[in-house]
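The structure appears right after this line, and notes come after that.
Letters A, B, ... are given to chains in the order of the sequence lines, protein chains preceding strands, and every chain is numbered from 1. Just so it is clear, the values below take in all heavy atoms, side chains as well, and ignore hydrogens, waters and symmetry mates.
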Number of protein chains: 2
Amino acid sequence: MGVRKAKAAETRAALLEAARRLFAERGYLNTKITDITKEAGRATGSFYEHFAGKEELLQALLQGMEDRAGELIDTTTVHPREHDLTDRAQLRDHIKVSWTVFREHAPVVSALFQAMVADEPGSGRAWNDLVGETDFLRRHLEYSAEQGRDLPGEPELVAAAIGAMLSMLGYAVNSARGRDFDDEAVIDTLTDLLHRGLGPRD
Amino acid sequence: MGVRKAKAAETRAALLEAARRLFAERGYLNTKITDITKEAGRATGSFYEHFAGKEELLQALLQGMEDRAGELIDTTTVHPREHDLTDRAQLRDHIKVSWTVFREHAPVVSALFQAMVADEPGSGRAWNDLVGETDFLRRHLEYSAEQGRDLPGEPELVAAAIGAMLSMLGYAVNSARGRDFDDEAVIDTLTDLLHRGLGPRD
DNA sequence: GTCTATATATTGATAGAC
DNA sequence: GTCTATCAATATATAGAC
């Protein structure tokens with residue numbers, strides 16, 4: 001890689017890092033492009049040499065997050081559908097992974113959440129995103145149903161409900177500064193709440 | 001009431017109604033004050049004779065909704081805490097009320113949701129709002145705990161988790177136009193999911 | 001109280017020199 | 001590629017006539 005390309009990569013990285021900081025501080029929606037360039041110590045015009053807009057930068061941040069998350073959030077690749085979410089240990093693993101991603105990548109996840117909600121309600125983005133993010137849960141639940149488990153409802157709806165709980169609660173908890181949460185306790189609570197809910201009826 | 005005051009009330013009502021329509025169509029965040037006045041057939045300047053800003057208008061819409069909801073969402077008044085949410089019928093009643101409010105007052109509820117998320121994450125508004133809206137659930141859960149029920153976790157956290165599921169799923173479902181949901185089926189699914197979750201361990 | 005007209009402030013985005 | 005300078009488009013809010 002030449003010197004010029006290295007410098008360009010440096011600027012790009014500086015913009016990404018500055019954006020991440022600002023998203024955490026004042027949120028995605030309240031962060032302006034000029035704020036990002038100022039925070040990164042670059043000129044306004046330089047921004048557009050790397051990103052078409054704020055949305056594209058967010059996608060780049062997401063990409064970087066997924067790269068690092070690696071094996072953790074394996075939702076799209078070869079994640080086997082033969083997981084039984086009515087099994088407490090397997091359910092807890094899934095919740096722990098989701099919760100950990102929320103907590104360790106709070107700036108990016110929160111920004112995605114804000115971007116999703118900011119869209120016009122009529123666009124259906126909220127529902128589509130929710131269904132998309134919980135697709136792997138749905139497949140697990142369908143597998144469980146095939147194994148004879150009695151689920152509380154349609155797999156897609158149940159998966160969306162679980163995803164809604166996790167994402168909204170994660171966003172709220174990430175926003176609650178000054179208050180410290182015991183992550184393991186939260187994971188246990190959510191696991192218990194959902195495990196029994198997914199289990200057999202009385 | 002004099003003629004002048006009547007005309008003023010008429011303008012105020014027109015602004016509120018126009019805002020509700022636009023919030024439903026393009027969302028709270030994407031609706032500008034000039035959009036509202038144009039939709040209401042009034043001049044821009046008239047807006048500020050009735051509301052200090054968009055946020056205040058939203059609060060007025062919320063007030064009107066609470067007035068009409070009347071006995072339904074009785075969270076602040078004399079709602080008795082002696083409800084046992086581990087009882088399926090009582091749990092279902094609560095979920096049904098929440099869900100019905102979401103569906104019947106979608107423009108206002110969705111707008112509140114957007115306003116909450118749009119705030120700076122560091123403000124803690126998301127967590128505070130969630131805790132505030134689920135305060136009555138928390139009190140019910142504390143009552144159930146006193147009755148010897150074994151809850152999956154701290155009442156405040158469990159209540160927040162339930163509220164998160166309901167509000168996020170409600171927002172997503174309201175955004176999913178073109179897809180029709182069977183509200184009773186959704187209520188049943190959520191009831192089952194949470195009822196068993198709140199019940200005794202295996 | 002409502003209107004028209006406008007001031008003020010932001011923001012996204014681009015042009016052109018270096 | 002990065003910078004400075006600036007345009008164009010909004011959006012909030014106010015002033016003053018009616």
Main-chain N/O of A/A18 paired to A/E39 side chain as donor or acceptor, under 3.5 Å: no
Nearest-angstrom distance from the residue atom CG of A/L29 to P of C/dG12: 11 Å
Between P of D/dT4 and NZ of A/K38, the distance in whole Å: 13 Å
Nearest to side-chain heavy atoms of A/R42, which nucleotide of D/dC3, C/dC3, C/dT2: D/dC3
A/F181 ring center near B/W127 ring center (under 6.0 Å): yes
Exam field: side chain B/S123 to backbone B/E120, donor-acceptor pair closer than 3.5 Å: yes
Parallel, tilted or perpendicular: ring planes of B/F51 versus B/F47, cut at 30 and 60 degrees: tilted
From B/I162 atom CD1 to B/L190 atom CG, the distance as rounded to the nearest 0.5 Å: 10.5 Å
Interatomic distance, A/L15 CG vs C/dG12 P [rounded to whole Å]: 14 Å
Which nucleotide in C/dG1, D/dG1, D/dC3 has an atom nearest any side-chain atom of B/A8: C/dG1
Whole-Å distance separating the CD1 atom of A/I36 from the C1' atom of C/dG12: 12 Å
Phosphate contact (D/dG1 OP1 or OP2) by A/T11 side-chain N/O below 4.0 Å: no
Pairs: protein N or O with nucleotides 11-15 of chain D N or O, under 3.5 Å:
from   : atom 1 : to    : atom 2 : distance (Å)
D/dT12 : OP2    : B/I33 : N      : 3.3

Check: B/T86 and B/H195 side chains under 4.5 Å, non-hydrogen atoms: no
Distance test, side-chain N/O of B/S46 to OP1/OP2 of C/dG1, below 4.0 Å: no
4.5 Å side-chain heavy-atom contact, A/F113 and B/M168: yes
Separation of atom CD in B/E49 from atom C1' in D/dG16, rounded to whole Å: 14 Å
Nearest-angstrom distance from the residue atom CG of A/L57 to P of C/dG12: 12 Å
Short side-chain N/O contact to C/dG1 OP1/OP2 from B/H50, under 4.0 Å: no
